[in-house]
Amino acid sequence: MGVKLLDKIKNAKIGSILPIYEAVDYIEPMEFFIKLSNYGRNKNAILLESADTSLKEMSLGSANPCLKVTGKNEEFEIKALSSLGRKFLQFLKGDFKFCDKVEYGKNAIKGKLKPARRNISEDQRLNLKTHLDILRTVAFKFRPIEEHSMQYGGLFGVISYDFIDQFEDLPKNAQDNLSDADYEMYFVDNLFVVDHGEKKAYIIANALVMDDKKEKLYKECLNTIGSYRKALKKKMPKVKKYKKKAFQLTAGATKEEVVSIAKKIKKNILEGDIL
């Protein structure tokens, strides 16, 4: 198996991606994630969990993705989180010429892209440049050598409601209370996947082919898989105890104002203005 995988990597073209994986005993995803990330305290840990395993879906997690992609309004940043991430950044160099402004650094690519606006059809509008093109550039930089039915890596994360500003001109909120990003995504090159339907689990390290040092790349993937195996054997880390702090709740409206707003919404529903 190992020789075949190495041969595949050796024959792979620059810009290819090949998942190297190892099957392990069926595991409880949250428990494994806790061991990998110390209860999620690792800064860039990510867990996408199936809320109900009876649905036979998949859970996946990683505590060491190579890239983080964030954006808010017109600004974006692609940040390297590891040595592989820094190499990935160099491989992306020159791919963001469609942006209004871009700066290529050793540890990050930063830039600005103002979504285009034109009076055109909805179909034509889908082809206008937005931050989705930034995400696509990262997500599809590597081409799979072969097809796999299982999810094995790529961009994972969240997109907020405010991302709609990439496509629509809507009134701005008077105040941005959270200051959260419009999107926050990780390029996950190594992860564990739990298939609840098949009662199987896998550890995956993706070979991202960016140069001719392919044997070294293969060994790095095996080392990554080995680090996951070691994490599996660890004892559960101690639960951190937090001191109780007094807190006070505040509201942005009075009870009377809330009741008035609710009555207005109920009226709008009855009149068919909203669903």
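Values reported hereafter were calculated over all heavy atoms of this structure, with side chains retained and with hydrogens, waters and symmetry mates removed.
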Contact check, side chains of [X] and [Y], non-hydrogen atoms, under 4.5 Å:
X	Y	result
Lys230	Ser227	no
Asn206	Val188	no
Asn64	Thr224	no

- [ ] Using the six-membered ring wherever Trp is involved, compare the ring planes of Phe187 and Phe88 and label them parallel, tilted or perpendicular (cut-offs 30° and 60°).
- [x] perpendicular
- [ ] Would you please classify the geometry between the Tyr104 ring and the Phe96 ring as parallel, tilted or perpendicular, with 30° and 60° separating the classes?
- [x]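 Phe96 vs Tyr104 ring planes: tilted.
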Task: Salt bridge flag under 4.0 Å for residues Glu74 and Lys112 - done: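 The answer is yes: the pair qualifies as a salt bridge.
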Open item on the list: Can you tell whether the side chains of Asp7 and Lys4 come within less than 4.0 Å, N to carboxylate O?
Closed with: no
List the atom pairs, donor and acceptor, that lie under 3.5 Å between side-chain atoms in residues 33-41 and the rest of the protein, sequence neighbours left out.
unit_1 : atom_1 : unit_2 : atom_2 : d
Lys35  : NZ     : Leu232 : O      : 2.9
Lys35  : NZ     : Lys234 : O      : 3.0
Ser37  : OG     : Phe33  : O      : 2.6
Ser37  : OG     : Gly40  : N      : 2.8
Asn38  : OD1    : Arg41  : NH1    : 3.0
Tyr39  : OH     : Pro237 : O      : 3.0

Counting only N and O atoms by type, is there a donor-acceptor contact under 3.5 Å from the side chain of [X] to the main-chain atoms of [Y]?
X	Y	value
Asn11	Lys8	no
Ser62	Asn190	yes
Asp100	Lys114	yes
Asn42	Ala45	no

Task: Audit row: Ile78, Leu89, side-chain contact (heavy atoms from CB on, under 4.5 Å) steps and yes/no - done: CA-CA 8 Å; Ile78 305 167; Leu89 287 184; 3.8 Å; yes
Can you give the donor-acceptor pairs under 3.5 Å from side chains of residues 151-165 to other protein atoms, not counting sequence neighbours?
unit_1 : atom_1 : unit_2 : atom_2 : d
Gln151 : OE1    : Gly153 : N      : 3.3
Ser160 : OG     : Asp162 : N      : 3.2
Ser160 : OG     : Asp182 : O      : 3.2
Asp165 : OD2    : Lys172 : NZ     : 3.4

Can you give me every donor-acceptor pair (side chain of residues 208-215, partner residue at least two apart or in another chain, under 3.5 Å) with its distance?
unit_1 : atom_1 : unit_2 : atom_2 : d
Asp211 : OD1    : Lys213 : N      : 3.0
Asp211 : OD2    : Lys87  : NZ     : 2.6
Lys214 : NZ     : Lys10  : O      : 3.0
Lys214 : NZ     : Ala12  : O      : 2.6
Glu215 : OE2    : Lys10  : NZ     : 3.4

Open item on the list: A quick test of your reading: do over 12 heavy atoms of other residues, nucleotides or ligands sit less than 6.0 Å from CG of Asn223?
Closed with: yes
TODO: Assess whether atom NZ of Lys110 is packed by more than 12 heavy atoms of other residues, nucleotides or ligands within 6.0 Å.
DONE: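 At most 12 heavy atoms, drawn from other residues, nucleotides or ligands, come within 6.0 Å of this atom.
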- [ ] State, to 0.1 Å, how close Glu77 and Ala108 come at their nearest heavy-atom pair, and which atoms those are.
- [x]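 Between these two residues, the closest heavy atoms are OE2-CB, 3.9 Å.
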Task: NZ-CE distance between Lys200 and Met150, expressed to the nearest 0.5 angstrom - done: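 Interatomic distance, Lys200 NZ to Met150 CE, rounded to 0.5 Å: 10.0 Å.
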